[in-house]
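Here's the structure we're looking at; comments come further down.
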Number of protein chains: 2
Amino acid sequence: MVSGPVSASKEKLRLWIRLLRASRTIEGELRERLSTEFDTTLPRFDVMAALYRVPDGMLMSDLSRFLLVSNGNVTGIVDRLVSEGLVQRGQRNGDRRTSIVQLTKAGKDTFRTMAAAHERWVGELLAGVTKSDAKQLTSMLKAFRSNWEGRE
Amino acid sequence: MVSGPVSASKEKLRLWIRLLRASRTIEGELRERLSTEFDTTLPRFDVMAALYRVPDGMLMSDLSRFLLVSNGNVTGIVDRLVSEGLVQRGQRNGDRRTSIVQLTKAGKDTFRTMAAAHERWVGELLAGVTKSDAKQLTSMLKAFRSNWEGRE
DNA sequence: ATATGAAGCTTTATACTTAAAGGGTATATC
DNA sequence: GATATACCCTTTAAGTATAAAGCTTCATAT
């Protein structure tokens, strides 16, 4: 077979490229809408979304692990959210190393509004994906993650 | 239905989150390996990959459209690639506005080496995805893109 | 020829991102 | 209770990213 079956790695490369392009397209749209509609950014939204799930707050290091971004990165984003009055820092026990971060009242209120719009946007952006495809894709990607997570 | 079936938009939100996390995980790994193995970065690799497909080169604006990044961004990345001797700028016809960018001989050679490793890495990272899943995911994502592309 | 507008790229200001280094704090071990 | 070690966060330097403004050049129409 001359131009025979595509190798497994080629198939995976193709998958990766499509995954990346889909991601970037969606990210770009969300970024733009967050900017025009709410005068905020995707990283800030992501931090707020992470915090909203956890009323008691998170450590900076938890936040960076959860969001899959570097430690130092989170510092700057939280700084800005604090100066906007959406997030506050505190301490846990008496431990002066730690910095527990949580949404303020204003932060929660703001987030609820944004989250509703955000969910609607994602729904629109993925309008072409059927519900059963969505479920299937989700579980395939979940399999990827859990397969990967044990490593490094 | 009170806590009935998960709404379509929730299902899509979940999909988006998984998509993003998979993307970030893979991107992070590739970034790190490109850095340690070849002392380069993912954006530079992406530019080189785009150029490698097109021996005659691309306009800066084509490059930014293709890579889904902003115009000004490409300028800086290409600047660095030029200073590394991997890429060169030229002009098309007599048009002094345009800047045709293409890989140099050294750029092509370097890219071939990196691309082989890159394909191998992606294969490893997606080791848990079966070939038929890969095909199916790819075509679903393709459907998303073509559904989206006509817009804006 | 000249004005108008569009095309193509770079520059600017601001923000995000990483890796690595740095500094303070807690915990374990002796 | 001194020392070592690990933990947690911030700072730094370099690079990437965007949007918007700016510049030059080309094409078109007058």
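Throughout, a chain's letter reflects where its sequence line sits, starting with A, and its residues are numbered from 1.
The side chain of R80(A) contributes an N or O atom lying less than 4.0 Å from OP1 or OP2 of dC16(C). When the side-chain nitrogen and oxygen atoms of R89(A) are compared with OP1 and OP2 of dT10(D), one or more of them lie within a distance under 4.0 Å. Within the structure, every side-chain polar atom (N or O) of S99(B) is placed at least 4.0 Å from both OP1 and OP2 of dG8(C).
Nucleic acid contact for L42(B): none, since no nucleic acid atom lies under 4.0 Å from a heavy atom of the residue. Counting any heavy atom pair closer than 4.0 Å across all strands shown, T98(B) reaches sugar-phosphate atoms only and no base atom.
The separation between L67(A) atom CG and dC9(D) atom P is 14 Å, rounded to whole Å. Atom-to-atom, CG of D79(A) to P of dC9(D) comes out at 13 Å; the value is rounded to the nearest Å. The interatomic distance linking L30(A) (CG) with dT18(D) (C1') rounds to 15 Å, in whole Å. As rounded to whole Å, 13 Å separates atom P of dT16(D) from atom CD of E27(B). For the pair D46(A) CG and dT17(C) C1', the interatomic distance rounds to 13 Å; values are reported in whole Å. Atom CZ of R24(B) is separated from atom C1' of dC16(C) by 11 Å (rounded to the nearest Å). What separates CG of L34(B) from C1' of dT16(D) is a distance of 15 Å, to the nearest Å. N93(B) has its CG atom 17 Å from the P atom of dA7(C), to the nearest Å.
Side-chain contact between V101(A) and V74(A) is absent, with no heavy atoms from C-beta onward closer than 4.5 Å. Residues R65(A) and D62(A) form a side-chain contact, since some pair of their non-hydrogen atoms from C-beta on lies under 4.5 Å apart.
Residues L68(B) and L34(A) do not share a hydrophobic cluster, defined by chaining ILVMFWY side chains whose heavy atoms lie under 4.5 Å apart.
Remark: side-chain polar atoms of T104(A) are paired, donor with acceptor, to backbone N or O of L86(A) under 3.5 angstrom. At least one donor-acceptor pair closer than 3.5 Å links the side chain of R24(A) to the backbone N or O of L67(B). With hydrogens and angles ignored, the 3.5 Å screen pairs a side-chain donor or acceptor of R21(B) with a backbone N or O of F66(A). Remark: side-chain polar atoms of T138(A) are paired, donor with acceptor, to backbone N or O of A134(A) under 3.5 angstrom.
Listed candidates were dA15(C), dT17(C), dG15(D). Nearest to the side chain of T41(A) is dA15(C).
Within residues 57-66 of chain A, the residues approaching DNA chain D are L59(A), M60(A), S61(A), by heavy-atom distance under 4.0 Å.
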Are there any protein N/O atoms within less than 3.5 Å of an N/O atom in nucleotides 19-26 of chain C, and if so, which ones and at what distance?
unit_1, atom_1, unit_2, atom_2, d
dA26(C), OP1, G94(A), O, 3.1
dA26(C), OP1, R96(A), N, 2.9

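Annotation: cation-pi geometry not satisfied between R33(A) and F38(A) (NZ/CZ under 6.0 angstrom from ring centroid, within 45° of ring axis).
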Distance-only donor-acceptor pairs under 3.5 Å for side chains of residues 109-116 of chain B, two or more places apart:
unit_1, atom_1, unit_2, atom_2, d
D109(B), OD1, K105(B), NZ, 3.3
D109(B), OD1, R112(B), NH2, 2.9
D109(B), OD2, K105(B), NZ, 2.8
T110(B), OG1, A106(B), O, 2.8
R112(B), NH1, Y52(B), OH, 2.8
T113(B), OG1, D109(B), O, 3.3

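Comparing I77(A) and V74(B) by the nucleotide of DNA chain C whose heavy atom lies nearest to each, the residue mapping closer to the 5' end is V74(B).
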